[in-house]
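Comments concern the structure below.
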Number of protein chains: 2
Amino acid sequence: MGIELRRQIEKIVSLTDDEFEFVLSHFQSKKFKKHQIVIHEEDYVQYEYYVVKGLMKISRVDIDGKEHIIQFGMEDWWVTDSQAYHNRTKATMIVDCLEDAEVLALSLDNKEKLCRELQKMEYFFLKKTIAGYIALQKRILCFISSNANERYNNLLTLYPGLMQRVPKSMIASYLGVTRETLSRLNTGM
Amino acid sequence: MGIELRRQIEKIVSLTDDEFEFVLSHFQSKKFKKHQIVIHEEDYVQYEYYVVKGLMKISRVDIDGKEHIIQFGMEDWWVTDSQAYHNRTKATMIVDCLEDAEVLALSLDNKEKLCRELQKMEYFFLKKTIAGYIALQKRILCFISSNANERYNNLLTLYPGLMQRVPKSMIASYLGVTRETLSRLNTGM
DNA sequence: GCTGTTAAAGGACATTTGTCAAAAATTTGG
DNA sequence: CCAAATTTTTGACAAATGTCCTTTAACAGC
């Protein structure tokens, strides 16, 4: 239970068996079905989810009803509506499942409690958040410096496994183009 | 000295006078001239900079020699090449000054030391990094869901002061469009 | 206050991307 | 294994954005 989470944490700080059990006791195990909505728009967001198995997406629906995918979340990733979760405000995003999913859910209270009880976990979350920040910066650089074709090829090399699990129309949404444009790209080969 | 920094920190955690002096002792005060390069590409990045006064930009030059602006940094902001700074690797970005600048420089060793000595500072950096992450997510959402005109108007409302201090060609670069395109936008009022 | 330099705006045209409609291919559930 | 639903591809055209070039405007240093 949670070996992968332990592996992820131990890339940054080391834990004894007891410490890891203690960490894990702050999480709740949950399961979701394909197509199930994990975070509804306008809901308060109770949890941040560590994905043990499955695939989710974080998206926002604009005034014209178009869905824009901000992030995918697969195994060993963390998923939530960050703004709503951390500020205890209502969700502006939707999180749902592209596949049946198994997660470890961490409430904000438990996260803060855990950080106070075990300082290296706060260090872990800081390092992890910095890594996330850097990843988003790279994605922004990609938007300002690359066209659709280059962004698609970049995504292919970054997450080769994703393409087999996600419909192309969603890849298009993540890249900020229409599915028609994605379908016409010269994928390089 | 550093009142604004203290105000920023105290929005998240409270500090005694002694504690703030202690925090400040981990920083070095530095000054830069307009056009001066603060972080050179390929250099190791010693510091993260809290901007006391002035205006900087973080950019990357692509293979065609085009400059892409990833971020501006004005008063009360933090500026560095995050990836290079936190991973102790060589800079892939350039940080330079659009105006004479005054900063407080924090080395990574001092940052980590400070976090160990005063846990609430680690909490501060965590909250601050999360806020940065959320801001980048919003910028990405803007790229995937808005055209150049909408992105420009969004920037106008987000940082109205920036326009008076930054040439439009740099705003264009930040928005991921050419200066010609920016110049033709219907700024909508 | 000049003068050289840099920044901004505009025209003409090419390229990329979006939109709408339809056809083809694939997946899903029974 | 089949029928319905979903996803992907393609065509024709419109709109947005990029490129190249010229003109105009603003600014910096002397």
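Per chain, numbering begins at 1; letters A, B, ... match sequence-line order. Just so it is clear, the structure is predicted and the values come from calculations on it, not from any experiment.
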Separation of [N] [atom2] from [X] [atom1] (nearest whole Å):
X: L185(B); N: dA9(C); atom1: CG; atom2: P; answer: 11 Å
X: L175(B); N: dG18(D); atom1: CG; atom2: C1'; answer: 15 Å
X: R179(A); N: dA23(C); atom1: CZ; atom2: C1'; answer: 14 Å
X: E180(A); N: dT8(D); atom1: CD; atom2: C1'; answer: 10 Å
X: E67(B); N: dA7(C); atom1: CD; atom2: P; answer: 11 Å
X: K66(B); N: dC20(D); atom1: NZ; atom2: C1'; answer: 12 Å
X: K168(B); N: dA9(C); atom1: NZ; atom2: C1'; answer: 9 Å
X: I171(A); N: dT9(D); atom1: CD1; atom2: P; answer: 12 Å

Quiz prompt | Residue-phosphate contact under 4.0 Å: K34(A) side-chain N/O, dT28(C) OP1/OP2 | solution = yes

Distance criterion of 3.5 Å, no angle test: do you see the side chain of R184(A) paired donor-to-acceptor with the base of dG11(D)?
yes

Comparing nearest nucleotides in DNA chain D, the 5'-proximal residue of the pair A148(B), V166(A) is V166(A)

Walking DNA chain D from its 5' end, the first of V177(B) and H35(B) to be reached, judged by nearest nucleotide, is V177(B)

Between S169(B) and T181(A), whichever has its closest DNA chain C nucleotide further toward 5' is S169(B)

Of the candidates dA8(C), dT19(D), dT19(C), the side chain of T178(B) sits closest to dT19(D)

Winner on side-chain proximity to S183(B), out of dT17(C), dT7(D), dA9(C), is dA9(C)

Can you confirm whether the side chains of Y123(A) and E112(B) place a donor and an acceptor under 3.5 Å from each other? yes

Q) Do the side-chain N and O atoms of Y47(A) and Q28(A) include a donor-acceptor pair separated by under 3.5 angstrom? A) yes

### Message
Ring-plane angle category for F143(A) and F143(B), please: parallel below 30°, perpendicular beyond 60°, tilted otherwise.
### Response
parallel

Exercise. Is the shortest heavy-atom distance from the side chain of Q137(B) to the side chain of Q83(A) under 4.5 Å?
Worked result: no

Exercise. List the steps, then state whether salt bridge (charged side-chain N to carboxylate O under 4.0 Å, His left out) holds for K57(B) with D96(B).
Key: CA-CA 6 Å; K57(B) 68 170 159 39; D96(B) 62 347; 2.8 Å; yes

